[in-house]
Structure formats: structure tokens, C-alpha cells
**Student:** 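One structure, as C-alpha cells, below. Some questions next.
Just so it is clear: chains get the letters A, B, ... in the order the sequence lines come, proteins before strands, and each one is counted from 1.
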There are 2 protein chains.
Amino acid sequence: MPDTSTATPASLTQTLADSGLRATPQREVVFNVLLKKRDHPTADEVFARVKAELPTISLATVYNCLETLVQCRVVRAVNFERGPTRYCPNLRPHAHFHDEQSGSTHDIDLPPELLEQVKAVLPPGYDANAVEITFRGRSAS
Amino acid sequence: MPDTSTATPASLTQTLADSGLRATPQREVVFNVLLKKRDHPTADEVFARVKAELPTISLATVYNCLETLVQCRVVRAVNFERGPTRYCPNLRPHAHFHDEQSGSTHDIDLPPELLEQVKAVLPPGYDANAVEITFRGRSAS
DNA sequence: GCATATTTTTAGAACAATTCTAATTATCAC
DNA sequence: GTGATAATTAGAATTGTTCTAAAAATATGC
């Protein structure tokens, strides 16, 4: 079975085409940079690395390319709670559901045992003092 | 059993004192604003609401108060992945572990059934198309 | 109570991450 | 090739947040 858990430079062209987008050098280099060193770089860091190969690329293009790759689902944006920080006084263990339609955020109570189960996936040597679970999607109400 | 899942205006004074901090009007009003309308307001929104009662308060103070309340654990900051967005090409279902010491982020593979269990806590009417799980803490390596 | 030290607040400047804008360049369909 | 569309560019603008230095409030030792 081929590994489909990561896109390849070859499949990128096809994936872009499937979305009616072009495989430009900038997009390819940005993607290759992400494949080469998987340390979850920021846009700025990607910019710095891409410059080595495309010295004239602009930061705006890096943002554009990253956004495109995320749209095509060949790259994930890790911190996708982008906007401003929000505050809540609910101290129960709970997750957050972000309604993409209304922009509102709802608390979702979490059974403590589920939190334990989630923490249990951590390999030895990892000690988490906080777990944040965020859903995104639509809610009826 | 008293409900300890939310701090009260009365307990706030004590909680602050326990941390060697003062219960100032600004801190109290900021906290009351969060209790009054639990819609996960941003700092700007809190600022606007607090102004109704303390017209001369500054935005910096609101940030300071919120930070203080979070430190005392009477308030949670929802989007605590604050820094820049990070990107990864790993398309497997995975969580992220953020090492607070080194600042590095590691992928934690998630068994698909765990993701299902997590999604199962959503009440009827909630439809999530994405779940983000982030750990924070220390990792040995 | 008073002087002094400490904490907190304030206004505004500074900063960092991101998005927007308008002009230029590249690519596609014909 | 020509015209339409897509993508890139540089730089300005915007947003959310933090910093700074001074002023105000509060606590503490006397």
C-alpha cells in the first residue's frame, strides 16, 4: 500500500490542477521546503528557507502559497485559531466548538475519562500539563 | 457539593490574595464582565464592555487583568496558541505537542478510533469537520 | 498617620503576524 | 500571437498584543 499520508512533489502538480490551480515554482519550492525539514516552521521561517532557492520571492507570496497548499489539503496549518485570543470563566474540563458560520464559540463539556484517554496517546517522555481540543464546523442552533 | 467549576466575584479576592495580588476594581470588573456574558469575548470586546462601568480604563489594563486572571486560573485563554501559524505536510491524523521548554512542536500520531471517540462527545446538531488537539508541556528528548 | 516601597494603571509607542492593494509578470485558451 | 485570467511582487495598512515610562493607588514599617 502506498503511503498517502504525505503528498509528494509529483502529486502536488496534480492536486493543484484538480483545484484549477497552477503548479508554479514558488508553490513547489514552498512545498519542498516543508517536506525537507519537518519542524513546523512559521511563514517567516519558510520565507527565509525559500529565499535560498528563489531570492526574489516576497513574503506575501509565501503567505499566498501556504494558504493555497492548505486549501488543497496537502499542508496543514497548525495554529488555525488565528484571530484574537478569547477568554472564558468556565473551569470545567471542556473543549471548544467554533461555529464557522456564525463565528461563535461554544463550550463542549468533556468527560474526564476522555481527557485521560487522549493524554494516554502521548509516548513515554512526554508530560502534558494542558490539552486543548478545538472543533470547527457547523452547529444547528 | 458547591459548584467549583467557576470562580465567583467573592472568591476572586481570595484567589488573588493567595497569589500575592490585589483585588482592584479593574480586575473585578473584567472578571464580572466575563461571568455576565459567556460568549468567549476577545480582549477588545472585554475592553468595550468594561468601559461602560470604568470609562477611563485602558486597553493595556484589560490585557493586564486578563493575563492576571489566567495566571490565577480563574479564567481560561481559549486561543493559547498565540504565536505565528505553523505549517506541516503530515496528513495523518495527528495531534501536536508543544514543548514549552524548547518551543518546538512534535507530531503525535492519533489512532483513528480515538478521534472518533473525541468527536462522539459532540451533542446532536454539532457537525465538526475538523478537530485540533494540542498538548503543552515538556518532552524528554 | 506619614514616609517609603511596591503594585497597578495609564496612554501611547512599538512590535509582530498577517492581509490588502495596485501594478507587474507569467501562463493559459484560442 | 492576442486577450483573458492567474499569480507574484513590494510596500502600505491592519490587527492583536506587548512594552515603556510616568502617574496613581495601595500596602508596610515606623
Side-chain angles (χ1 to χ4, degrees), chain A residues 12-31 33 40-51 53-72 74-75 77-87 98 103 105, chain B residues 12-33 40-51 53-72 74-87 98 103 105:
Chain A
L12 177 64
T13 303
Q14 188 55 51
T15 305
L16 285 167
D18 291 348
S19 302
L21 299 165
R22 296 171 188 164
T24 67
Q26 289 87 343
R27 284 170 180 168
E28 285 167 352
V29 173
V30 165
F31 183 57
V33 154
H40 303 80
T42 65
D44 258 340
E45 287 163 351
V46 172
F47 182 44
R49 295 175 198 178
V50 168
K51 262 188 185 165
E53 211 163 326
L54 299 174
T56 66
I57 197 170
S58 76
L59 178 58
T61 299
V62 170
Y63 272 103
N64 289 341
C65 292
L66 288 169
E67 172 67 14
T68 300
L69 296 175
V70 170
Q71 291 302 316
C72 292
V74 295
V75 165
V78 172
N79 165 23
F80 61 119
E81 272 288 5
R82 291 226 223 148
T85 301
R86 293 169 180 280
Y87 300 88
H98 194 72
T105 301
Chain B
L12 176 63
T13 303
Q14 188 55 51
T15 306
L16 287 167
D18 292 348
S19 303
L21 299 165
R22 295 173 189 163
T24 66
Q26 289 86 345
R27 285 172 180 167
E28 286 168 351
V29 173
V30 165
F31 183 57
N32 288 337
V33 153
H40 302 81
T42 65
D44 258 341
E45 287 162 350
V46 172
F47 182 43
R49 294 174 199 179
V50 169
K51 262 189 186 164
E53 211 162 327
L54 299 173
T56 67
I57 197 169
S58 76
L59 178 58
T61 299
V62 170
Y63 272 104
N64 290 341
C65 291
L66 289 169
E67 171 68 13
T68 300
L69 297 175
V70 170
Q71 291 302 316
C72 292
V74 295
V75 164
R76 274 179 65 183
V78 172
N79 164 22
F80 62 119
E81 272 287 4
R82 293 228 220 145
T85 301
R86 294 168 178 281
Y87 300 88
H98 194 71
T105 301

**Student:** Please write out the pairs of protein N or O atoms and N or O atoms of nucleotides 1-3 of chain D separated by less than 3.5 Å, giving the distance to one decimal.
**Tutor:**
none

**Student:** Which atom names give the shortest non-hydrogen contact between Thr15(A) and Cys72(A), and what distance separates them?
**Tutor:** CG2-O, 3.7 Å
**Student:** Between C1' on dA26(C) and CD1 on Ile57(A), what's the gap in Å once rounded to a whole number?
**Tutor:** 14 Å
**Student:** What is the nucleic acid contact for Leu59(B), judged by heavy atoms within less than 4.0 Å: base, sugar-phosphate only, or nothing?
**Tutor:** base
**Student:** So which protein N/O to nucleotides 20-23 of chain D N/O distances come out below 3.5 Å?
**Tutor:**
none

**Student:** Taking atom CD as the centre, does Glu53(A) end up with more than 12 heavy-atom neighbours from other residues, nucleotides or ligands that are less than 6.0 angstrom away?
**Tutor:** no
**Student:** Between the two ends of the helix from dG1(C)-dC30(D) to dC30(C)-dG1(D), what is the bend in degrees, rounded to 10 degrees, where each end axis spans five pairs?
**Tutor:** 30°
**Student:** Would Leu69(B) and Leu12(B) count as a side chain to side chain contact (heavy atoms under 4.5 Å, CB included) if you check the C-alpha gap in whole Å, the side-chain angles of each, and the deciding distance to 0.1 Å?
**Tutor:** CA-CA 9 Å; Leu69(B) 297 175; Leu12(B) 176 63; 3.7 Å; yes
**Student:** If you take all heavy atoms of Ile57(B) and Lys51(B), which pair is closest and at what distance?
**Tutor:** CG2-CG, 4.3 Å
**Student:** Measure CG/Leu66(B) against C1'/dT8(C) and give the value in whole Å, please.
**Tutor:** 15 Å
**Student:** Write down the distance between CD (Glu45(B)) and C1' (dG16(D)), rounded to a whole number of angstrom.
**Tutor:** 13 Å
**Student:** Expressed in angstrom and rounded to an integer, what is the separation of Glu67(B) atom CD from dT8(C) atom P?
**Tutor:** 13 Å
**Student:** Figure out the CG/P separation between Leu54(A) and dA10(D), and round it to whole Å.
**Tutor:** 12 Å
**Student:** Determine: side-chain N/O of Thr61(B) to OP1/OP2 of dT8(C), distance under 4.0 Å, yes or no.
**Tutor:** no
**Student:** Which distance, rounded to the nearest 0.5 Å, do you find between the OG1 of Thr13(A) and the CG of Leu21(A)?
**Tutor:** 12.0 Å
**Student:** Would you mind classifying the nucleic acid contact of Asn64(A) as base, sugar-phosphate or nothing, using non-hydrogen atoms under 4.0 angstrom?
**Tutor:** base
**Student:** Please list, in numerical order, the residues of residues 14-25 of chain A that have a heavy atom closer than 4.0 Å to any atom of DNA chain C.
**Tutor:** Arg22(A)
**Student:** Among residues at least two apart in sequence or on other chains, which ones pass side chain to side chain donor-acceptor pair (under 3.5 Å) with Thr68(B)?
**Tutor:** none
**Student:** Of the options Leu66(B), Leu59(B), Thr61(B), which is the one that meets Phe47(B) in a side chain to side chain contact (heavy atoms under 4.5 Å, CB included)?
**Tutor:** Leu59(B)
**Student:** For residues 19-29 of chain B, which residue pairs pass the side-chain hydrogen bond (donor to acceptor under 3.5 Å, both in side chains) check, not counting sequence neighbours?
**Tutor:** none
**Student:** Do Thr42(A) and Glu45(A) have side chains that get closer than 4.5 Å, going by heavy atoms?
**Tutor:** yes
**Student:** Restricting to non-hydrogen atoms, name the atom on Phe31(B) and the atom on Val74(B) that form the minimum distance, rounded to 0.1 Å.
**Tutor:** CE1-O, 3.9 Å
**Student:** Which one, dT9(C), dA17(C), dT17(D), comes nearest to the side chain of Tyr63(A)?
**Tutor:** dA17(C)
**Student:** Among dT10(C), dT18(D), dT8(D), which is the nearest nucleotide to the side chain of Cys65(A)?
**Tutor:** dT8(D)
**Student:** Quick one: Phe47(A) CZ to dT9(D) C1', roughly how many Å, whole number?
**Tutor:** 11 Å
**Student:** Compare every heavy atom of Val46(B) with every heavy atom of Pro41(B), then report the nearest pair and how far apart it is.
**Tutor:** CG-CG2, 3.7 Å
**Student:** Tell me the interatomic distance from Arg27(B), atom CZ, to dT26(D), atom C1', rounded to whole angstroms.
**Tutor:** 12 Å
**Student:** Of the nucleotides dT19(C), dT10(C), dT8(D), which one has an atom closest to the side chain of Gln26(A)?
**Tutor:** dT8(D)
**Student:** Taking CD from Glu28(A) and P from dA26(C), how many angstroms apart are they, rounded to a whole number?
**Tutor:** 16 Å
